[in-house]
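Here is the structure we will look at.
None of these values were measured; they are calculated from a predicted model.
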Amino acid sequence: QVRLVESGGGLVQPGGSLRLSCAASGIMFSIYTMGWYRRVPGEQRELVATITPSSTTVFADAVKGRFTISRDNAKNTVDLQMNSLKPEDTAVYYCNAVSVARSQYWGQGTQVTVSS
């Protein structure tokens, strides 16, 4: 079965850093574009960052310069390094995998709370 399992969420102070990881199984990882999305309470889920099989990246304007996405095809993982965190980054963060054929999968999400 296909599984995307996020880890690394938690409580962090404003200005702090956190690294999220997503471990994928059951898919041909190397052909999938991987991404991180987040949902703020009361709002719809939004893109945070994506990384293609060739490691081309896209970032939401709100996180540019602060977040980095990376993938390790040998480990079937994608990470999101979050620096200079702000309270408005508080959200549930979801791992996403999508293929050219538009097969798509989602993880269960991990809570990130930025608060003093």
Give a yes or no on whether the backbone of [Y] and the side-chain of [X] come within a donor-acceptor separation of less than 3.5 Å.
{"X": "R71", "Y": "T52", "value": "yes"}
{"X": "Q104", "Y": "V98", "value": "no"}
{"X": "R45", "Y": "V92", "value": "no"}

First locate atom [atom1] of [X], then atom [atom2] of [Y], and finally report the distance between them rounded to the nearest 0.5 Å.
{"X": "S25", "Y": "N76", "atom1": "OG", "atom2": "CG", "result": "8.0 Å"}
{"X": "E6", "Y": "W36", "atom1": "CD", "atom2": "CH2", "result": "5.0 Å"}
{"X": "Y93", "Y": "L80", "atom1": "OH", "atom2": "CG", "result": "7.0 Å"}
{"X": "S103", "Y": "I31", "atom1": "OG", "atom2": "CD1", "result": "8.0 Å"}

For a 4.5 angstrom cut-off between non-hydrogen side-chain atoms, does [X] reach [Y]?
{"X": "S30", "Y": "M28", "result": "yes"}
{"X": "P14", "Y": "S116", "result": "yes"}
{"X": "Y37", "Y": "T50", "result": "yes"}
{"X": "S84", "Y": "F67", "result": "no"}
{"X": "V12", "Y": "S17", "result": "no"}
{"X": "L20", "Y": "M82", "result": "yes"}
{"X": "L18", "Y": "V112", "result": "yes"}
{"X": "Q81", "Y": "I69", "result": "no"}

message: If we count only N and O atoms by modelled type, under 3.5 Å, do the side chains of T113 and Q111 hold a donor and an acceptor together?
response: yes

message: When you compare the side chains of D79 and S70, does any donor N or O come within less than 3.5 Å of an acceptor on the partner?
response: no

Please find the pair of heavy atoms, one from [X] and one from [Y], that lie closest to each other, and give the distance.
{"X": "V40", "Y": "T90", "value": "CG2-O, 3.7 Å"}
{"X": "A49", "Y": "L47", "value": "N-CD2, 3.6 Å"}
{"X": "G109", "Y": "Y94", "value": "CA-CD2, 3.6 Å"}

- prompt: Applying the side-chain contact (heavy atoms from CB on, under 4.5 Å) test to C95, which of V5, T110, L4, T77 qualifies?
  reply: L4

query: Under the salt bridge (charged side-chain N to carboxylate O under 4.0 Å, His left out) rule, what pairs show up with a residue in residues 102-116, not counting sequence neighbours?
result: none

Lys/Arg N to Asp/Glu carboxylate O, E46 vs R38, below 4.0 Å: yes

message: Using a strict threshold of under 4.0 Å (side-chain N to carboxylate O), is an ion pair present between R66 and D89?
response: yes

- prompt: Any link between V58 and Y32 through a network of hydrophobic side chains (Ile, Leu, Val, Met, Phe, Trp, Tyr) touching at under 4.5 Å?
  reply: no

Check the surroundings of atom [atom1] in [X]: do more than 12 heavy atoms from other residues, nucleotides or ligands lie under 6.0 Å from it?
{"X": "Q44", "atom1": "CD", "result": "no"}
{"X": "Q108", "atom1": "CD", "result": "no"}
{"X": "R19", "atom1": "CZ", "result": "yes"}

Test side-chain contact (heavy atoms from CB on, under 4.5 Å) applied to I27 and Y105, step by step: CA-CA 10 Å; I27 61 171; Y105 304 97; 3.9 Å; yes

